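Remember, it's a predicted structure, so these values are computed and weren't measured experimentally.
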Amino acid sequence: MSRNSRDLAFFLTGAAAGALFGLLYAPEKGAVTRDKLSYRLSKYREQLQQLLADLLETSDLPESFAKTEGQRVVNDAREKAERLLEDVDRLMAQIKRQNS
């Protein structure tokens, strides 16, 4: 047996053993885990939407460098929150497809 085929056999044996132990010792079924993840992601999405709404409402800063700097921080945070919302939506869609 060549070294490459022996290494491949060891790798496949290890992968099979890992999959078997994962199935035997998984705390819950995959559907339950996906449901929990979906619930947590939806709550996370709601919090991000509220944060985004709060950030957009903060226009009470006085005219100065602080206002300019504050506006820049708010804009950066808004962009990041919007990207996070898109990521959460994408993850939730993947979970729903897997549950179907």
Supply the atom-to-atom distance Gln47 CD to Leu85 CG, rounded to the nearest 0.5 angstrom. 11.0 Å
Residues passing the side chain to side chain donor-acceptor pair (under 3.5 Å) test with Lys96, sequence neighbours excluded, are none
Filter on salt bridge (charged side-chain N to carboxylate O under 4.0 Å, His left out), then keep only pairs touching residues 85-95, sequence neighbours left out; what's left? Arg45-Asp89, Asp87-Arg90
Minimum heavy-atom distance between Leu41 and Val88, given as atom pair plus value: O-CG1, 3.4 Å
Gap separating the OG atom of Ser42 from the CD1 atom of Ile95, nearest 0.5 angstrom: 9.5 Å
Taking side chain to side chain donor-acceptor pair (under 3.5 Å) as the definition, give me every residue that meets it alongside Arg72, ordered by chain and number, with sequence neighbours left out. Glu69, Asp76
